[in-house]
Novice: 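There's a structure below that I have some questions on.
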Amino acid sequence: MIDAETLAIFRTEADGLVESLEAGLLTLQERPGDRSVIDQVFRDLHTLKGTGGMFGQTELAAFVHGFESAFEAIRSGTSVASPALIAVCLKAHDHIMSLLAGERPGGAGTILADLATAVSGSAPADEQILPEVPTEASASASQESGAKTIPMMRISAERLDEMMDRVGELVIAEARLAEIAARSGVPALVSVTEDIQRLASSMRDATMSIRMTPISSITGRFRRLVHDLARQLDKPIDLVIEGEETELDKAVVEQLAEPLMHLIRNAADHGIEDAATRSRLGKSPSGQIRLSARQSGGEVEVELADDGRGLDEARIRAKAIDLGLLGLDADVGSADLQRLILSPGFSTAQQVTELSGRGVGMDVVRRTVSELRGSVDIASSSGSGTRVVIRLPLTLAIISGLLVEVAGERFTIPLSTVEEIVELPERSGPADASSRFLDIRGRLVPTMSLREVFASPPAPEMFPKVVIVGASGARVGLVVDRIIGSNQTVIKQLSPLHAGVSTFSGATILGDGAVALILDVATLVNQSKRPAPIERHLQEVLA
Amino acid sequence: MSRRILVVDDSPSLRRMIAMTLKGAGYDVVEAEDGLDALERVAAARFDAVLTDQNMPRMDGLSFIREFKSRPEGQGIPVVFLSTESEGELKDKARAAGALGWMTKPFDQAKLLSVMARVVGA
Amino acid sequence: MTLMSRPASRSLGNIDVVTLRLGQDTLAIRAEMLREVLEPVSITRVPGAPEFCCGLVNVRGTVVPLSDLRVTFGMPRTPLGPDSRILVLDLPLSGRASVVGIVADAVHEVTRVESHMLQTVPAVGTRWPPQFIEAIARIGGNFVMLPDIPAIFAAFLGGQSATTVGPQGQGAAA
């Protein structure tokens, strides 16, 4: 796709080139041997050909190519720019002008033949010229230039990311301002601070909405993939896509492409039977892969379903036993068995085909999706197909966070998990934090000292705070030194080097440029149920 | 982290088209209008790849590639030469000068992106 | 479109390297991997991370993991000094283009190593783990080790690295 602005620049540029070409030809009429003018004309032709081709002006490019080939005789000195030759060149120039104007002039062949005759007496030999049908590219380019009803602008993804970062910083600064304003008690300051808070929050929403991208931005490649797979595998396959307009954060959409390609490959390769088998089974001869997306609440559900043979549970069981995932006598339900194919290194493909089945398929899907903070579920029924459901958060880029300090280091806790913040009663003392409980309105909540979890020096602050967080129905109190404040946290993924560190779900860059880690509350809540988190962590990493 | 690509071409529309295609795919793009301009750019910043045209005022693509490849900053940086089919012998000269390969104009966006992916990784 | 495939990156022809000091040793890293060299910036410790990569740094708005090759080569870890630098490298991790930082006690120069200056690593008789060394070069009478960066990181990701784990891994953050 070429946007209207680029197209406009091309038009202006081409007009300039054609003008320069004409001027050059006219100068040559007076000074036939002028080397610099000959070079100039040649360069103009060359650029016209190159850009014309790139902008879908194939007819123009082909014609200019012929013109250029003929003019090469003058440049190389085998021919002189005689008045007769210049006359034909000028005709060729006029032809270019009308091509650029979008007219459909005839006689290109005659002009080129005349040119060739004028330079050497023979017709151009090297190229088949002049496709008469407009190509797809030129058609879409002209459509684009015609459809200017809503002015659109393209923005680089990087600028958007930068804008998101700035918005994050703005919200942090605004929070600091609010604190100062509240302390000052100056009504005018409080009121202007409220205005700024409102503006910052609508700014954040607006920026997030710019980042939302419809799934349709990646479905083109799926259509192509299914088309290619169908041919490669010699199976008729239809791809049905629903809910293409569903929007997700652009980073999520981009990263979703690969796992979906994987699933589509799997469905085509292993799921869908060949036409003969399908007919025998009473199914329609062509298989169907259905990709559908829809938003529900703060999540988007993307489903990939096929109407193929379904998962082979007996083979999954055998493979799982083989891999030591299941005991020989294991009593596993259908759903749990099917979910096993999401385990690392699991692949049941009997034949390793060129397309899939090197034991990395579903594992990659699961890993990518969990990096996107989403989940994968699979359901299959023998003989009628497999359905994979991916659930993803609407946005990856930014969350509200609570910035805390522990032994001089700063960490972010996702605000959505924070239930309340209390002071740690002094009498409970610093020792043995993992076995301590706090009485929160009659309910006992276990607490964890983050100093201990992070193996920080055990010198407690005078008045530690406890951040009560909840995840999957359980609660835990995280003991921190200080609450710095809430902020908008732009999430950056951790590198695979830190895949073993489950205490953190990501990192973010603070206003002063330092990196702060984001706590994975679900992991911490699970740890709180067991003693000595660090030891357990050690075992995990060493295992 | 996005890859930084230098696009060298004297045609503003072509530069813009290539730049927009690459930026759309997440690359960082810097434009130069001819070989001399490009030499200044490569001296000022490190690029992951360079795409250059041949026919340009002041310094053409071949001279640029030779000069760039003789400098320390040119080592290990893939250069893709943009040529047209009528420039057969130029492709070999470009390779001899140190270009990794060439791409024939006209090319479409998909082709450009697939070449860039092969040259610098997606 | 015709495009040559890239020359095999592992071949040992003439190569450009950046030399650096790590402990008492001089190392050389392929210049083609190097994105930039940074002065030590604020390093964030990752509690619970293996000692080999227990830090994070902000490189132009990207969070980049910081690794310490001293752990791989069994050298003592000392706090970063005024000459310390962070080399930001382009390195595929688990098949994905990634950026990692490594610490150096000092960075010397970018130089060309001719193939005749290179020798492979004897399987025995070196104090460095041979599987992590691509080659040894003689530059100006000194032995310079070319660590096999992809192999080191691949081994770490594969969990085979002899790195220690745990709360004591704080050196790079010091």
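The chains referred to below are lettered A, B, ... by the order of the sequence lines, with proteins before strands, and numbering in each begins at 1. Computation of the quantities below employed the complete heavy-atom set of this structure, encompassing side-chain atoms and omitting hydrogens, waters and symmetry-equivalent molecules.
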Novice: Distance check, rounded to the nearest 0.5 Å: B:Met56 atom CE versus A:Arg43 atom CZ?
Specialist: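 Reported value, rounded in 0.5 Å steps: 10.5 Å.
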Novice: Using every non-hydrogen atom in the two residues, find where A:Thr51 and B:Ser11 come nearest and quote the distance to one decimal.
Specialist: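 The answer is CG2-OG, 2.9 Å.
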Novice: Just verifying a value: how many Å separate B:Arg15 CZ and A:Ile9 CD1, rounded to the nearest 0.5 Å?
Specialist: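 Between atom CZ of B:Arg15 and atom CD1 of A:Ile9 there are 9.5 Å.
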Novice: Please indicate whether A:Arg35 has more than 12 foreign heavy atoms, meaning atoms of other residues, nucleotides or ligands, lying under 6.0 Å from its CZ.
Specialist: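 Enclosed.
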Novice: Examine whether an atom of B:Asp108 lies under 4.5 Å from a heavy atom of chain A, and if so say whether it belongs to the side chain, the backbone or both; otherwise answer neither.
Specialist: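 For B:Asp108, no heavy atom lies under 4.5 Å from chain A.
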Novice: For the atom pair CZ (B:Arg16) and CZ (A:Phe10), what is the distance rounded to the nearest 0.5 Å?
Specialist: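 Between atom CZ of B:Arg16 and atom CZ of A:Phe10 there are 14.0 Å.
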Novice: How far apart are the closest heavy atoms of B:Pro12 and A:Glu13, and which atoms are they?
Specialist: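 Minimum heavy-atom contact is CD-OE1, 3.0 Å.
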Novice: Do you know the tightest heavy-atom contact between B:Met17 and A:Met54?
Specialist: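 Result for this residue pair: CE-O, 3.0 Å.
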Novice: What's the separation between atom CG in B:Asn55 and atom NZ in A:Lys49, rounded to the nearest 0.5 Å?
Specialist: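 So the CG of B:Asn55 and the NZ of A:Lys49 are separated by 9.5 Å.
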Novice: Among all residues two or more places apart in sequence or in another chain, which pass the salt bridge (Lys or Arg N to Asp or Glu O under 4.0 Å) test with B:Arg41?
Specialist: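 Expected list: B:Asp37.
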Novice: Measure the spacing between NE2 of A:His46 and CG of B:Asp10 and express it to the nearest 0.5 Å.
Specialist: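 Spacing of NE2 (A:His46) from CG (B:Asp10) equals 9.0 Å.
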Novice: Under 4.5 Å from any heavy atom of chain B, what part of A:Thr47 do you find: side chain, backbone, both or neither?
Specialist: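 Only the side chain of A:Thr47 comes within 4.5 Å of chain B.
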Novice: Restricting to salt bridge (Lys or Arg N to Asp or Glu O under 4.0 Å), what partner residues turn up for A:Glu72, sequence neighbours left out?
Specialist: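 Testing A:Glu72 for salt bridge (Lys or Arg N to Asp or Glu O under 4.0 Å), a comparison that skips the adjacent residues, returns A:Arg75.
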Novice: Count the heavy atoms belonging to other residues, nucleotides or ligands that lie under 6.0 Å from CZ of A:Arg231, then report whether that count exceeds 12.
Specialist: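 For A:Arg231, atom CZ is not crowded (no more than 12 foreign heavy atoms under 6.0 Å).
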